[in-house]
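I have placed the structure first, in the form of structure tokens, so that the comments after it can refer back to it.
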Amino acid sequence: MNEPAPVRRFGLFGGSFDPVHSGHLIIAQDAAEKLELDQVVFIPAAIPPHKQHLQQASAEHRLNMLKLALKSDRRFFVSDVEISRGGVSYFVDTVSSMKRDMPAAELFLIVGSDTLVDLHNWYRIDEIMKYCEITSFLRPGEDDIKSIKQKVALTDPLRQRVLANTFESHMVGISSSEIRMRIAEGLGIRYLVSAEVEQYIFEHGLYQG
């Protein structure tokens, strides 16, 4: 009799990635190691629901920068599922379709701990948590997991599930908004993004203000 196929574990890392930076990659690596993931799937949003007026680079540019940043690490993969779908990107649509395509897989949504304060406002959050576990990683300024418990406004047992999947990570104070600001002001971004992403940004004149 054939042995059953091993359950595969996927981390789902969504966001605008405008642009992708070293902090994103470090969180993804921490998640891959702490959750023993087979692969981390980066999912750039077509139009992020909470950042509709902040997006600056086109979906094509953001997708291309992700491909450049991830190409040397086999643990990381970029999916264009939300960009191909178009419109405002609601994660419930993405995770439900992935679960239909991979019913035996274990799915883990990767978020920064700063996202926990807003989870209760996410569109159909109860349904999202039927398909995946939400895992959060401490961001700069938070040095104690206990300090973030008060931020989670979900009702039990969803709140307890989220808190059980909160981990310490490497503290990296890098943000996409800071990178965009530095470019607009003529400051350097070397080491904040990969060399390939830095070259792409300047070749295409992105974030020049």
Side-chain angles (χ1 to χ4, degrees), residues 6-17 20-45 48-51 66 70 73 75-79 81-82 89-176:
V7 173
R8 289 178 60 78
R9 297 165 65 89
F10 294 93
L12 309 179
F13 196 178
S16 54
F17 301 110
V20 59
H21 55 68
S22 298
H24 292 131
L25 305 183
I26 290 171
I27 288 177
Q29 176 167 269
D30 283 343
E33 293 174 351
K34 292 180 182 295
L35 300 172
E36 299 181 343
L37 301 175
D38 295 295
Q39 195 168 57
V40 176
V41 183
F42 287 69
I43 309 171
H50 305 300
K51 298 182 180 180
L66 271 168
L70 307 181
D73 196 326
R75 298 171 301 175
F76 300 160
F77 175 77
V78 58
S79 169
V81 59
E82 292 188 351
S89 300
Y90 292 108
F91 185 70
V92 65
D93 298 324
T94 302
V95 71
S96 61
S97 66
M98 287 186 168
K99 196 62 177 177
R100 284 194 299 270
D101 293 340
M102 303 182 295
E106 293 183 354
L107 304 180
F108 300 84
L109 173 60
I110 301 167
V111 299
S113 55
D114 56 329
T115 301
L116 297 181
V117 68
D118 196 48
L119 278 179
H120 62 287
N121 291 322
W122 278 32
Y123 181 57
R124 289 157 59 186
I125 184 63
D126 292 10
E127 188 174 348
I128 289 173
M129 294 188 69
K130 291 179 182 178
Y131 300 120
C132 69
E133 293 295 332
I134 296 179
T135 60
S136 64
F137 291 82
L138 290 177
R139 287 289 179 87
E142 294 176 321
D143 57 3
D144 187 350
I145 292 178
K146 294 180 181 178
S147 69
I148 68 174
K149 289 185 177 181
Q150 61 186 7
K151 297 182 179 182
V152 184
L154 295 170
T155 58
D156 286 329
L158 300 185
R159 181 176 183 273
Q160 295 304 320
R161 279 177 57 189
V162 169
L163 291 174
N165 287 310
T166 299
F167 304 94
E168 294 181 351
S169 66
H170 291 90
M171 300 288 190
V172 182
I174 304 174
S175 69
S176 296

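- Minimum interatomic distance between Leu37 and Phe10 (heavy atoms only, all atoms of both residues): CD2-C, 4.0 Å.
- Taken from CE in Met129 to CZ in Arg124, the straight-line distance is 15.5 Å, to the nearest 0.5 Å.
- For Phe42 and Phe77, the distance between ring centers is not under 6.0 angstrom.
- Atom CZ in Phe76 sits 9.0 Å away from atom CZ in Phe13 (nearest 0.5 Å).
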(message) Apply salt bridge (Lys or Arg N to Asp or Glu O under 4.0 Å) to residues Arg161 and Glu133 and explain how you reach the verdict.
(response) CA-CA 8 Å; Arg161 279 177 57 189; Glu133 293 295 332; 3.1 Å; yes

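- Side-chain N or O atoms of Asp30 include one that pairs as donor or acceptor with a backbone N or O of His170 at under 3.5 Å.
- Within the model, atoms CG of Leu116 and CG of Leu119 stand 5.5 Å from one another, a figure rounded to the nearest 0.5 Å.
- Across Leu109 and Cys132, no two heavy atoms sit closer than the pair CB-SG, 4.1 Å.
- Side-chain atoms of Ile43 and Leu12, non-hydrogen and from C-beta on, do get closer than 4.5 Å to each other.
- At least one side-chain heavy atom of Leu70 sits less than 4.5 Å from a side-chain heavy atom of Leu25.
- The main-chain N or O of Phe108 is never found under 3.5 Å from a side-chain atom of Thr135 such that the two would form a donor-acceptor pair.
- In terms of the salt bridge (charged side-chain N to carboxylate O under 4.0 Å, His left out) criterion, Arg159 has no residue partners (sequence neighbours excluded).
- Side-chain contact between Phe137 and Val111 is absent, with no heavy atoms from C-beta onward closer than 4.5 Å.
- By the 4.5 Å heavy-atom criterion applied to side chains, Met98 and Leu107 are counted as neighbours.
- Inspection of the Thr166 and Ser136 side chains reveals an N or O donor paired with an N or O acceptor under 3.5 Å.
- In this structure, the side chain of Ser79 does not engage the main chain of Val41 through any donor-acceptor pair within 3.5 Å.
- Counting only N and O atoms by type, the side chains of Arg75 and Gln29 include a donor and acceptor under 3.5 Å apart.
- Note on ring orientation: taking the six-membered ring where Trp is involved, the planes of His24 and His21 are parallel (angle under 30°, cut-offs 30° and 60°).
- Nearest heavy atoms, Ile134 versus Asn165: O-CB, 3.4 Å.
- Within the model, atoms CZ of Arg9 and CD of Gln39 stand 14.0 Å from one another, a figure rounded to the nearest 0.5 Å.
- A pairwise comparison of heavy atoms in Ile174 and Gly23 identifies CD1-N, 4.1 Å as the closest pair.
- Without hydrogens or angle criteria, Ser96 side chain to Val92 main chain gives a donor-acceptor distance under 3.5 Å.
- Phe17 and Pro44 get closest at one heavy-atom pair: CD1-CA, 3.9 Å.
- With rounding to the nearest 0.5 Å, the separation of NZ in Lys130 from NZ in Lys99 is 13.5 Å.
- Between Ala45 and Glu82 the shortest heavy-atom distance is CA-OE1, 3.3 Å.
- Considering OG of Ser113 and CZ of Phe167, their distance stands at 12.5 Å, rounded to 0.5 Å.
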